[in-house]
Amino acid sequence: MPRGLQESGSGWKRSVERWRRQWRERGEEGVRSKGSPGRPRLSADKIAKLERELERGPLAHGWADQRWTLARVKTLIGRLFHVGYTVEGT
């Protein structure tokens, strides 16, 4: 057994059993990746709105300087669209 699986506890066993069941019930389609879960995407309209808001600058959104950071962009997206993104290092 690969070391990573040994260290991860019994959770992997449940995953394997779920995949086996899905394979038996639905074949390849049952185990095909459905993409990254929980990562909402913004529509083209919302991206355009975000771009306009970013062009207004951080001062217009309550920050004390004109420096956009990943953390600030993440916060702005949350304020405007009520969706969250995870940004490493923030």
Interatomic spacing from NZ in Lys49 to CG in Asp45 - rounded to 0.5 Å: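 Output value for this atom pair is 11.0 Å.
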Pairwise distance CD(Gln22) to CZ(Arg32) - rounded to 0.5 angstrom: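 These two atoms lie 13.0 Å from each other.
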Which atom of Pro58 lies closest to which atom of Asp65, heavy atoms considered: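 Minimum heavy-atom contact is CB-O, 3.1 Å.
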Side chain to side chain contact (heavy atoms under 4.5 Å, CB included) against Leu50, all qualifying residues, sequence neighbours excluded: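 Leu50 satisfies side chain to side chain contact (heavy atoms under 4.5 Å, CB included) with Leu42, Leu54, Leu76, Ile77, Leu80, Phe81 only.
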Inter- and intrachain pairs under ring pair (Phe, Tyr, Trp, His ring centres under 6.0 Å), touching residues 42-67, at least two apart: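 Found Trp63-Trp68.
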Arg20/Glu17 ion pair, N-O < 4.0 Å: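 Answer for the salt bridge query: yes.
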Neighbour count >12 (heavy atoms, 6.0 Å) for atom CD, Gln66: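 Atom CD in Gln66 is packed in, count exceeds 12.
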